[in-house]
Structures are given as structure tokens and as C-alpha cells.
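Per chain, numbering begins at 1; letters A, B, ... match sequence-line order. Model, not experiment: these values are computed from the prediction. Values below: all heavy atoms of this structure, side chains included; hydrogens, waters and symmetry mates excluded.
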Amino acid sequence: MEGELKEVREAYESGKTRSLSWRLSQLKALLRLLYDKEDDIFKALEQDLGKHRAEAYRDEVGLLIKSVNYAIGNLRKWMTPNKVSVPLVAFPSRADIVPEPLGVVLIFSSWNFPIGLSLEPLIGAISAGNGIIIKPSELAPESAEFLARSVSKYLDDKLVKVITGGPDAGQKLLDHKWDKIFFTGSPRVGRIVMAAAAKHLTPVSLELGGKCPAIMDSLTNARDRKIAVRRIIGGKWVACSGQACIGVDYILVEEKFAPILIDMLKATIKKFYPEFDTLSKIINKHHFQRLASLIKDPSVADTIVHGGSMDSDKLFIEPTILLDPPLDAEIMTEEIFGPLLPVITVKKIEDSIDFIRTRPKPLAIYAFTQDEKLKNRLVSETSSGSLTFNDTMLQFAIDTLPFGGVGASGFGQYHGKFSFDMFSHKKSVMRRSFLLEYSFRYPPWDGWKLPFMRSVFHFDYVSLLLRLLGLKR
Amino acid sequence: MKEGSETKLGEDYKVRGGSAHIDGGEKMEGGAFDGARAAELTAELRRSFDSGRTRSYEWRAAQLKGIARMIEEKEADIMAALHDDLAKPQMESFLHEISLAKASCTFALKELKRWMKPEKVPASITTFPSSAVILPEPLGIALIISAWNYPFLLSIDPVIGAIAAGNAVALKPSEVSPATSSLFAKVLPTYVDNSCIKVVEGSISETTVLLEQKWDKIFYTGSKNVGRIVMVAAAKHLTPVTLELGGKSPVIVDSNVNIKVTAKRIAVGKWGSNNGQACIAPDYILTTKAFAKTLVDALKITLDKFYGKDPLESADLSRVVNDKHFSRLTNLLNDQNVSGTIIYGGQWDEKRLKIAPTLLLDVPHDTMMMDEEIFGPLLPIITFEKIEQCFDFIQSKEKPLAAYLFTKDKKLEEKFVQTVSAGGILINDTGLHFANPHLPFGGVGESGIGAYHGKFSFDTFSHKKAVLSRSFAGEASARYPPYTQQKQKILRGLINGSFIALLLALIGWPRD
């Protein structure tokens, strides 16, 4: 490992990554990898997560292709220094903000979208001109192996490396000094990463998670209701069987609509999943046990209104709906990250706002409503990474929207230009000439200089002129 | 030395005089600011923030106007405190602290409405029809820990940013500048909303208990060592941090310059900035062996002109802040490998904590003076045969907060900008980039994390929330299982923008 890290550092110091052409060549190579190796990617995701190829394309490969194309199309613009104004007092001078790479960066990715969450930050890191080490999650081993095999074949193998391994490998990497660490995963490990980064004063971005609520208001139009339910399911089981950081964790609905909602959910689940062959499996036994134990307690199990069946060999948990499980049960205090969907009823839909506010800030909030007042209240009274009305998940696919958390859901944002910015240092550059010297800047600070400076700073040009002419002291 | 004033770092001491205001202006005299008090403080700030009062433009503007009034009305007191703490010359207090603080307030007031506006962004064809905005919102409650060298500015400037962004704030000024700290504790609460803006005085133990609380943002200005401690504490609560640290800011002086102006600008950036105790003051100079004499002569003439034959008597020089730093600096000079390289100055007065502007020529590279940030009136000049070696020398060290180059050679200038990484770069002058609110001010690598000033202050205390609105029209059933071949084709087209595929998808709505 030491040798690999040294190689990346030396290659970075050589200055190779600074040119637009190197960065474009890497992005284009990544694009080729995504096209050439699509089947291998599908296979790896199928093995790790039982992920259907349509989902693998929709959620990972397809989005990556979009992101790489967006970066290729905009990179020159992003790399161009940004001219900024200069205050009169500093005339004559010129000022720019010049983006430069941070150096050698470390990317930790998570197991649920193992290809997407490794390569999306990679796009940003390459665009910004860094040397890169990716450490994919060992919980998705086939995907990790795929990355280790393929990335070095297509990309510059001295500057972009994949290091596989378990927590030991991760810890060893953290002992080194990085110029930036990007982490996607759980808050527990996020804390460890940030504390390790602190030793070297390394900036970090943490993409964590949280309990993302979906608020279901009453919708007057039956067709809208149907679409809303489909979109909720699209944000729950269709997204890696609920194992998604922006997946719908639980629903909030007025108690009088809960039965209708639940019936509709049941019907739509049946339609989407006549068999469960397109449902992703739970990643491993550990998480399977974790999820099983969430509904073990009778006070929770009694609230199951649909599903509940499990197969530990197949790592299969049926889409399960619960109605008003106890709020202090773990299923309502911890991020579920699985195919269990609590439906929480409130008296009035506005009560959802308080419910959400009294809990840690999630990565996403979803609200299905046509009530403009409710929408405005949600916008100004809740805080989350993102807020989406009348759909789920899609904010992830928009390059112009920053993607990241706040509070317990993390900090730092990426996607689109935000990725480029996240892996860059915005260096201020100011240039002056030797012309035009103001003697009042310099000691000795005789009595007249301070009032003079006051005039300058008050933009009191008349005073300034008088003083310059010696007509005022 | 004032009786009872704490000037040594590392010693616990109880909070002095003014302290945390709890429940609307009640002063708690004496008594320790312990963990329980810190928890109460954050709880109160959180309650105030949750009430929503900091969100409105009116509230934020009122606070900023209050601060502007405070700077205006209390100017004499501020200057007196700065003189107490640092023997800071009036001109410097005005130039570097008061006017910059005022300008920051004015700029924020002028721009605030614009900064607060949501930014509409184009959504993509994949999600059509939809509309997307990026909405800035406050992070919540912010802890601002400031430094002793520009104790007024470095406290109030981040506070201005935090308030502009709509946060509630706790300010912990440095105890090493006790007069300014005490000024904040007494005066700031009378100009702003106390329930949301608080000052906590204290030293290590008070700072420690503050850091144990959960904040939504921590903004720290100071040393690397404490910066690490702050970040480790923040990690426990996953709190984002901005660390404004320091480093050895180098100055390369080429032979192709206006030497008189160069010498003046270096001198004012060094000794005219709190006598070298500034994070962006030139730390050391690099030049060619051939040019060294010209540069040294010009510096000597400039220093004579600025501070006279007896600089220890000049009123235009700040003193060293305390005994600890005084010893640190004199030790650097007393190093047997260093003392022989002094070519100008080198005098000091321990009683008045004054050290004269001192030039040193070719200090050995492996001395402490060339390893640690100097933060004082000592200026080593390191020479090399070729100017390129100066560049290499900078690259061999940690990235500094600022890097300076004096040259008329455009090619050299470009090379410097492209290859030297620093928080900020200034060509042919020193320090000025700090005053430009359009430039982000912050470090990189060991010189810091994050930036502020102008809109960057607002941004550093904000969360940019993505808000996406979709309608129920435009339903693409291709998103959902069961995944037929047809659906997969549409999906591919949709995500990667094929118009025909989009058409197919469009035919799919408004029906199922």
C-alpha cells in the first residue's frame, strides 16, 4: 500500500494532472469503461445486491454516464479563473479566483450503490485535477473487485488507484496524510474519518444519511394519488430494497387517509412485484439480522399491516408496511436502510412539520402535496439536505443541484460543478503594479495620515481631494 | 503587566468580569463557566434559533446595523483596548481592524437581500417537468473562536457572516487579548439581540466545555495545534468547521522590480501589521544571491525611515503580545546558528515586550526559525543562486496562508500563480488581498479549511438546500418494475437525453 500511495503522490507532484487534456482524457476513458464494461458492472451488482440491470442502469451506470458527459462539457469553463472586482482603495489592481487541485484525495464509498458512489466523486476529483485513491466498501466485494480490475486498465494507473480491503485497510489509509477525504457511509464511521482527518488538518466531506420522511398530504385527484404512491414506492423498495441514503424511510399521513394509503401501497407493490425477482436483496447477514430485529419486538411486530416474511438464506425481506409502530422503538429512532416502511399517522398534516423538526436533519425530505401554504412552511421551517415536492429520489439526478447533507446527515455537497468545487482549492490571486503609491500607508504615521485614511474609507472624495491638495489637514 | 490579567496560555483561570449572558441580559459575576453552563448556553441559543427570530431579513439587518453603530460609537474604546492588548498604533487599529470591520458590515447590509434569495437553476430533461432552486438557510447555532492578534476584527467579522446567514452565535474572544475580550463582553450585548448573540470570555477550560457541546458550525481562527483540537471535538458531533490557521508566508523578490516600492510594501506588510504578528504577514524572504545586497540595503533604509534610529521607542510599532511569545521569539534569535545571521536590528526590551524589526541573512534551513511560523518582527532573508530554487524551497514546505512575489516579469508571475499553492497570492504587494470582499480568504493544506469574507462569509455559515418541485404530469412508468425490455430502452434514453426516447416517454402520459 505504501508504494501505491507514494506513486500517486509523486505522479501528482509531477504536475501531470494540471492540464485540461489529461483531465479530459481520464473522463473520456471513464466513459469508455462505463460503455465497455456495462455487463460486468451489472454482473457485479447482481452478485453483491441482487440488483436488477434496469436499476443498475437507472441508478448507477446511466447516472454516471450523464455526469461524465456533463463534466466533459463544462470542464474548461470550470477551470477558468474567475475575475472579481477590486475595491477602489486598492486601485490599480486585478483580482481572480483561480481553482487548483487539492492534491491527493481519498474516496471512501458505500456498499449500496458501490459503483455509483465510487465513480461519481471520482469524476469530481479528476475534473479538479487531483491524484486519487478509491477505497470501495468491502461489503460489496464483487463491485470492489470490478473497480480494482477495471479502473487501472482504463485510467492513468499511476494517478487513479483502487485499494480494496476491510476496515484495517481503511484505517491504514486514514493514518496517512491526504489533501482531501470524501466519505459516504454511516455517521459512526464518519466520526472516525473526521477525527483521523483532524490530525493532518485534512478537509473532509461526509455524505451520511438519516431518516428521510415522505409526507403524504390529501390529494384531490385520484390519478395524482396513484402517481404519488408509485413514486413513494419508487423511493423505497425500487431503490435497492430501501437501502438508499435518500430512500424514503417512513411516511407521515393524516390518520383518516392512512387506510386508503396503505391499500394503495399494497396494490401497487403487488403490481410492481408480481414475483420478487427484481427486488434487491439485503446486503449481508449482519444487516439482515439488524432489520429482522427491528420488527422482532411484539410492540412493533403487532403493527405490521403488510409483508413481514423473510428468508435469511436468500437475504430476502418482503416489502413490509407498519402502521404507527411505537415512536421510541429502534425502527423509529434509527435509519432503517431496508424494506420496512412505517406509516406514522398525525391528526393534521401540518403536525408533520413539528415531527420532522424535533428529529435530526435528514438527507432528504419528500412531500406530496398541492397545498402551497404547506409547501412554504416546509421550505422555511424544516432543514434537510434537499427538499422535493411530489416525487422522490430525482434530486440526485440533477447536475445543477448540490447533493449533500446538513447536520446529522453530513456536510459538503457534490454533483455537477459542486463536485469540481469540492475537490478544488479556490485560490485568491491579486496583482498590483508598482505605479501609484500612497504614502499615507506607511509609517511614520504622522498626525495627518489617519484623517486622510478616514476620508478614503468613507469614500469622502471631496475631503480626500482637499487633503491631497493640502487644503485640509 | 496588568494585575490579574492572564497572559500565559496553558493556565486555567476562572472567567473574569463580564461573562455569558443567560436569560436576557443577566450577568453572572465570577463563578466557573463549566460544562453545565455551556450546555445551558447552547440550549438557550438553540431555543432562540428554533423560535425562528433570526430568519427574517429585518432581524439580520437590525443586528448588522447594531454592530455598525457599535463600531462607530465605540471607536475610541476599541482603539484603547487594542492599545492595551497590543500597543497597536492608532493607524493600524483604524486601518486593519475598525475600517475593515465597518466595511464588512456595510457590504453585508448592502448585499444581504441578494444573498438570501433562492437561486433558480435549470432542471434537466430527465426530470421534466420540474423546477429547481438552491435555497440558503442558516446552519443553526455557531461557535466562533477568535484570535488575539486582530482581536476586534477576527471576532466581529465572522460574527457578521454568521448573523447575515441567520444563525445564532456564541463568540469566544481570545483571552490573550483580554481588554478586547472584555470590551466585547460588555459592549456587544448592548447593541444586538442578546437572546441570539452571546459572548463567552475565558481560557482553555471554558473553550473546552464549549467545544464539548453540539454546534451546527464552528469557526476557529488561531494556531494549527488548537485547530486540530477543534476539529477533533467537532468530529464527535459531525459539526462542519472552518479553520483559519497560518503558516510561513514567503515573499520571493525578483531582481526585476521597483526596489524602493518593494521594500516599503514588504516592510509595511511585516512590521506595519502588528509587528509581524499577523497570519498573512511576510514570514521570510527568498531572493537570489546576486540581488540580496540591493534588497537588504533598501529594507534597511526603509526601516530607518519608518521607525527611526531607536525603533523600540517608536509609537508606530505594536509590542509582542505577552511573555510567552516574547520568550519564544527571543529564543529564536538566541539560537547559536541564528544569532550570527542578524544584519539589522535584534534589540529588545523585555519589560515593555518590545522587539525591534530584525533582518537576518541566510538563516540555516534546519533551524526552528525556518521551521515554525515566526509571528513576530524577525525577517529572515534566504538566498539562492537561481530564482527557480526559491520556488522549489516554497514547494518543500507546507502550503502557507499567503504567498507573495515581487517582479515585473509577467512570465515569472504566471509561473508563480500556476505552481505555488497557498490560501491566497498577491503579486507586488503584501496583505491587501485580505481587504477585498470579493476574494475568498482562507487557507489550504495546513494553513486552513474553508474561507470567508464578503459572500463567502454568508456561504460558510449557510446550508444550500436543494429544493425540487415536480408536478404529477410527466409520469415515466419506465422507472418502475416489472422491467420490460421496452422500459429499459426508454430509461436509457431518458437518462441520457435521447429526444426520441423522451418522446416515447411523453406519449406515456398523462395515462399510466
Side-chain angles (χ1 to χ4, degrees), chain A residues 52 54 57-58 62 65-66 84-87 90 95 98 100 187 190-191 194-195 198-199 201 203 224 227 230 234 238 272-273 278 379 383 386-391 394-395 397-398 400-402 406 408 411 425-434 437 441-445 449-450 453 457, chain B residues 89-91 94-95 99 121-124 126-127 132 134 137 224 227-228 231-232 235-236 238 240 258 261 264 268 272 306-307 316 417 421 424-429 432-433 436 438-440 444 446 449 463-472 475 479-483 488 491-492 495-496:
Chain A
H52 190 281
Y57 186 83
R58 183 196 66 209
I65 292 174
K66 161 200 70 67
V84 301
S85 340
V86 179
V98 178
E100 54 177 35
R191 287 188 182 90
M194 188 170 169
K199 281 198 210 72
L201 294 167
D224 291 351
I227 291 177
R230 281 148 57 114
V238 178
F272 285 6
Y273 299 107
T278 59
V379 167
S383 182
S386 65
L387 172 59
T388 300
F389 292 111
N390 300 328
D391 212 327
L394 284 190
Q395 70 277 14
I398 298 182
T400 49
L401 282 178
V406 63
F411 53 82
H425 166 55
K426 298 305 183 75
K427 183 166 75 181
S428 295
V429 178
M430 197 156 143
R431 300 169 211 247
R432 300 209 72 209
S433 81
F434 289 104
E437 266 293 78
R441 265 180 87 178
Y442 305 116
W445 286 310
K449 289 186 179 177
L450 183 53
M453 281 312 286
F457 277 94
Chain B
Q90 265 211 335
M91 185 68 167
F94 178 76
L95 213 53
S99 60
V121 295
S124 69
T126 313
T127 61
I134 302 174
E137 51 179 38
K224 278 184 234 211
R228 286 188 183 93
M231 192 164 165
V232 168
K236 286 204 198 67
L238 297 166
N258 175 328
V261 174
K264 287 205 289 198
V268 79
F306 281 11
Y307 305 113
D316 293 333
V417 171
S421 182
I425 288 193
L426 182 42
I427 308 286
N428 294 333
D429 213 325
L432 279 192
H433 60 301
N436 187 344
H438 303 283
L439 287 174
V444 63
E446 295 206 350
I449 295 175
H463 166 56
K464 301 302 184 73
K465 181 162 78 180
V467 181
L468 176 64
S469 295
R470 288 213 78 205
S471 82
F472 290 103
E475 178 61 344
R479 285 163 74 175
Y480 311 117
Y483 300 116
Q488 292 185 56
L491 216 51
R492 278 175 190 272
I495 292 176
N496 284 296

Contact leader toward chain A among Gly272(B), Ser469(B), Ala235(B), Gly424(B), where contacts are heavy-atom pairs under 4.5 Å: Ala235(B)
Salt bridge (Lys or Arg N to Asp or Glu O under 4.0 Å) partners for Lys427(A), two or more places apart: Glu100(A)
Greatest number of heavy atom pairs closer than 4.5 Å to chain B - which of Met430(A), Arg58(A), Met194(A), Lys199(A): Met430(A)
Shortest non-hydrogen contact from Gly234(A) toward Tyr480(B): CA-CE2, 4.0 Å
Top contributor to chain A contacts, counting heavy-atom pairs under 4.5 Å, from Gln90(B), Lys464(B), His433(B), Lys465(B): Lys465(B)
Set of salt bridge (Lys or Arg N to Asp or Glu O under 4.0 Å) partners for Lys224(B), sequence neighbours left out: Glu446(B)
Pairing of Lys449(A) and Asp316(B) as salt bridge, 4.0 angstrom limit: no
Best-contacting candidate, Val467(B), Val121(B), Leu238(B), against chain A by heavy atom pairs under 4.5 angstrom: Leu238(B)
Segment of Pro122(B) engaging chain A (4.5 angstrom heavy-atom cut-off): both
Contacting region of Phe411(A) [heavy-atom separation from chain B under 4.5 Å]: side chain
Among the listed options Val98(A), Asp224(A), Ile398(A), the residue most often paired with chain B at heavy-atom distances under 4.5 Å: Asp224(A)
Pairwise distance CZ(Arg470(B)) to CD1(Ile227(A)) - rounded to 0.5 angstrom: 9.5 Å
Side-chain touch Ser433(A)/Asn428(B), heavy atoms, less than 4.5 angstrom: no
Partner chain B: residue of Lys426(A), Gln395(A), His52(A) with the largest heavy-atom pair count (under 4.5 Å): His52(A)
Non-hydrogen side-chain atoms of Ile134(B) and Pro402(A) separated by less than 4.5 Å: yes
Ile449(B) versus chain A, the contacting section by heavy-atom distance below 4.5 Å: side chain
